[in-house]
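Right, one structure below, let's go through it.
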2 protein chains.
Amino acid sequence: MSKALSHPEAEAIDLSAVLDALRDPIRRAIVLMVAEQGEKRCSSFLHCATKTNLTYHVARLREAGVIRVRVEGPARLITLRQDELDRRFPGLLPAILAGARQDPPLARLVESA
Amino acid sequence: MSKALSHPEAEAIDLSAVLDALRDPIRRAIVLMVAEQGEKRCSSFLHCATKTNLTYHVARLREAGVIRVRVEGPARLITLRQDELDRRFPGLLPAILAGARQDPPLARLVESA
DNA sequence: TCCTTGGTCCAATATTCTTTGAACTAGGCT
DNA sequence: AGCCTAGTTCAAAGAATATTGGACCAAGGA
């Protein structure tokens with residue numbers, strides 16, 4: 001039986017956890033790319049970090065409530081919890097995404113995916 | 001001769017550094033209180049942490065570009081770099097402050113100051 | 001001058017976060 | 001079955017953060 005990936009409820013999303021999740025450039029790159037291109041699989045980010053390390057970063061984003069991960073066959077598909085997040089912390093995610101877009105090295109990471 | 005406290009230029013403020021600074025509840029309490037009550041001295045926050053520890057947290061906020069610290073006699077006076085921050089990352093600080101206000105334990109910290 | 005107030009600085013510890021390799025599992029294809 | 005793809009798990013090592021105590025310093029008042 002496959003383990004159910006745990007996601008916090010929308011109302012339980014914690015500000016410290018979200019800021020903590022988004023303070024890392026690799027994690028911001030993942031989030032930015034999903035924001036711009038929609039659902040992505042983990043392997044789309046192998047140019048950012050090793051496989052093991054990606055598992056770690058994706059788990060942090062998921063546990064913070066920033067992304068949702070669903071299992072489809074052998075792959076994990078990642079989406080942004082944009083609406084839920086914006087209801088809980090209005091304006092926060094858009095502001096951070098805008099900041100991420102201004103960052104050339106980060107934008108380059110997103111390009112190269 | 002008194003050391004000149006270093007503050008990053010407005011354009012040099014880094015998103016990772018800002019999120020890093022604001023991910024800590026003690027630091028958010030400091031920022032929230034200065035946002036609501038205007039200029040404050042370090043000692044206003046002694047109920048949040050020890051003296052030494054406050055020096056540390058205040059330095060992190062300053063080095064991230066979130067607050068400005070000026071020396072007046074024996075005291076350090078703290079203000080928010082609200083306008084500069086909002087020009088660099090529009091909407092970010094307001095969103096985080098709004099989130100902080102929703103947080104009962106944090107709001108209680110601000111009350112008790 | 002001595003004392004108090006308001007903080008700083010340093011060094012040590014504790015904790016937490018990040019990264020890695022090696023071994024593993026689960027699904028799907030042939 | 002055997003193999004590949006996609007990703008997980010674990011343990012260990014390394015790096016960064018947080019917290020504390022003790023000594024210190026500078027300004028201002030008695």
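Values below: every heavy atom of this structure, side chains too, minus hydrogens, waters and symmetry copies. Chain letters run A, B, ... following the sequence lines, proteins first, then strands; residues in each count from 1.
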Rounded to whole angstrom units, what separation is found between the CD1 atom of B/I30 and the P atom of C/dG7?
11 Å
Of the candidate nucleotides C/dT19, C/dT8, D/dA6, which contains the atom at the shortest distance from the side chain of B/R76?
C/dT8
Which is true for B/T55 with a 4.0 Å heavy-atom rule: it touches a base, it touches only sugar-phosphate, or it touches nothing?
base
Check ion pair B/E39-B/R70 (N to O, under 4.0 angstrom):
yes
Below 4.0 angstrom from OP1 or OP2 of C/dC17, is there any side-chain N or O of A/R23?
no
I need the CG-P distance between A/L46 and C/dT20, as an integer number of Å.
13 Å
Roughly how many Å is it from CG in A/L61 to C1' in C/dC17, rounded to a whole number?
14 Å
For the pair made of CD in A/E63 and P in C/dC17, what is the distance, rounded to whole Å?
11 Å
So do the side chains of A/F45 and A/I26 get within less than 4.5 Å of each other, counting heavy atoms only?
no
Send over the distance from A/F45 CZ to C/dT19 P, rounded to a whole Å.
16 Å
Would you tell me if any nitrogen or oxygen in the side chain of A/T50 comes within less than 4.0 Å of OP1 or OP2 on C/dT19?
no
Given atom NZ of A/K51 and atom P of C/dT25, what is their separation to the nearest angstrom?
14 Å
Is there a side-chain contact between A/H57 and A/D24 (heavy atoms, below 4.5 Å)?
yes
Most 5' of A/D20 and A/E72 on DNA chain C, judged by nearest nucleotide
A/D20
Between D/dG7 and A/T52, is there an OP1 or OP2 to side-chain N/O distance shorter than 4.0 Å?
no
Can any side-chain N or O of A/R76 pair as donor or acceptor with the backbone N or O of A/V69 at less than 3.5 Å?
no
What nucleotide among C/dG7, C/dT19, D/dT8 has an atom nearest to a side-chain atom of A/Y56?
C/dT19
I want to check one thing: is the phosphate of D/dA18, taken as OP1 and OP2, less than 4.0 Å away from some side-chain N or O of B/N53?
no
Any side-chain N or O of B/H57 below 4.0 angstrom from OP1/OP2 of D/dT19?
yes
Taking only the side-chain nitrogens and oxygens of A/R41, find out if one of them lies under 4.0 Å from OP1 or OP2 of D/dT5.
no
Please give, in whole Å, the distance from D/dA15 P to A/D24 CG?
17 Å
Determine whether a donor-acceptor pair (N or O, by modelled atom type, separation under 3.5 Å) exists between the side chain of B/R23 and the backbone of B/D20.
yes
Rounded distance in Å - CZ (B/R60) to P (D/dA16)
12 Å
